[in-house]
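Scroll down for the structure; my scribbles are underneath it.
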Number of protein chains: 2
Amino acid sequence: MVHYQARLDTTFAALSDVTRRGVLEQLGGSDASITDLAQRFHMTLTGMKKHVSILEQAGLVTTEKVGRVRTCKLGLRRLEEEATWIEQHRQLWSARFDALDELVEHLKRKEKADAQRKRR
Amino acid sequence: MVHYQARLDTTFAALSDVTRRGVLEQLGGSDASITDLAQRFHMTLTGMKKHVSILEQAGLVTTEKVGRVRTCKLGLRRLEEEATWIEQHRQLWSARFDALDELVEHLKRKEKADAQRKRR
DNA sequence: TTTACAGTGAACCATATGGTTCACTATCAA
DNA sequence: TTGATAGTGAACCATATGGTTCACTGTAAA
């Protein structure tokens, strides 16, 4: 899987822009043309076209042009890989913090034992 | 929550670089100095320092300098917000595709009924 | 057959990004 | 005290990004 990392690169990059996340939310509600999106996000057609292309490149959006108008819909990719990546790392995080918790617990017990010993 | 979107921006941007994701994985295994990381990723100290700063900015890494060496660890943020965002959108995706499925089912039933009617 | 509309592509612009080198500081070790 | 080591910051570079304008094509409508 050489492409896996490149895929994560482009997808996370696509998601790192507030306008593009907004477009995804919009398309979650209903399909829209480039003009619709450009108006909603106060941008030129050309500007919005670029965003849509980036989302399309990342597989998050698909488009189809019929007549003059290009209709944009949510794409087939459902962020499985990204969700998986994040979940794995949440577990890594948790594991490390659990280890930290255990260390703290261990130190607490040790301290308690020391205190006991001193009292005897 | 004005900061929410800006937060997603910086976090997704931080995650959109393969080196930085690598650093997070490394730190998931064990803490490391800037020098350690720079060597592992074949980069100058200055270059790695920049990556670490970006991860730190995003709250994904924390660092502490003792003596000459700055030790980097996983930060306190565990990507909750990002996981939530992705999960919500996976649901959006699913909802839309389920609707599509239903439409297809509906059309199938209709077609069947038409066929029956014709046969009569 | 005009005229208006939706999109496209090239060119441009300012700023951001990912990297470097170089000069510097601070610390550790001999 | 003198090196060597770890990191830092400024300056620089090439390329990417997010946006624009302008000129253009193709389609729809009057």
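Just so it is clear, the values below take in all heavy atoms, side chains as well, and ignore hydrogens, waters and symmetry mates. Worth saying up front: this structure is predicted, and the values here are computed from it rather than measured. Throughout, a chain's letter reflects where its sequence line sits, starting with A, and its residues are numbered from 1.
One can place CZ of B/F12 at 18 Å from C1' of D/dT17, the figure rounded to the nearest angstrom. Going from atom NZ of A/K65 over to atom P of D/dG26 covers 9 Å, rounded to whole Å. Here the C1' atom of nucleotide D/dA6 and the CD1 atom of B/I34 are 9 Å apart, to the nearest Å.
For the contact set between residues 52-64 of chain A and DNA chain D, defined by any heavy atom under 4.0 Å, the members are A/I54. Residues from residues 14-25 of chain B placing a heavy atom under 4.0 Å of any atom in DNA chain D do not occur. Less than 4.0 Å separates DNA chain C from at least one heavy atom of each of the following residues of residues 40-51 of chain B: B/M43, B/T44, B/T46, B/G47, B/K50, B/H51.
By the salt bridge (Lys or Arg N to Asp or Glu O under 4.0 Å) test, B/E87 pairs with B/R90, sequence neighbours left out. Contacts of A/E25 classified as side-chain contact (heavy atoms from CB on, under 4.5 Å), with partners at least two apart in sequence or in another chain: B/W85, B/H89. Under the rule for a side-chain contact (heavy atoms from CB on, under 4.5 Å), the partners of A/Q39 that lie at least two apart in sequence or sit in another chain are A/T35. Annotation: side-chain contact (heavy atoms from CB on, under 4.5 Å) contacts of A/I54 (sequence neighbours excluded): A/A14, A/R20. Checked against salt bridge (Lys or Arg N to Asp or Glu O under 4.0 Å), B/R21 has the following partners two or more places apart in sequence or in another chain: A/D9. With sequence neighbours left out, the side-chain contact (heavy atoms from CB on, under 4.5 Å) criterion links B/A32 to B/Q26, B/L27, B/D36, B/L37.
For the pair A/T11 (side chain) and A/L8 (backbone), a donor-acceptor distance under 3.5 Å is absent.
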Shorter than 3.5 Å, N or O on both sides, protein versus nucleotides 27-30 of chain D: list them out with atom names.
{"unit_1": "D/dT27", "atom_1": "O2", "unit_2": "A/R68", "atom_2": "NH1", "d": "3.3"}

Enumerate, atom names and distances included, each donor-acceptor pair closer than 3.5 Å involving a side-chain atom of residues 42-49 of chain A, sequence neighbours excluded.
{"unit_1": "A/T44", "atom_1": "OG1", "unit_2": "A/G47", "atom_2": "N", "d": "3.1"}

Can you give each donor-acceptor pair under 3.5 Å made by side-chain atoms of residues 63-70 of chain B, sequence neighbours left out, with the distance rounded to 0.1 Å?
{"unit_1": "B/T63", "atom_1": "OG1", "unit_2": "B/E56", "atom_2": "OE2", "d": "2.9"}
{"unit_1": "B/T63", "atom_1": "OG1", "unit_2": "B/R70", "atom_2": "NH1", "d": "2.9"}

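Rounding to the nearest 0.5 Å gives a distance of 7.0 Å between CG of B/L15 and CD of B/E82. Taken to the nearest 0.5 Å, the SG atom of B/C72 stands 12.5 Å off from the CG atom of B/L60.
In plain terms, the two heavy atoms of A/L74 and A/T62 that are nearest each other are O-OG1, 3.8 Å. Smallest separation of non-hydrogen atoms from A/V23 and A/F41: N-CZ, 3.7 Å.
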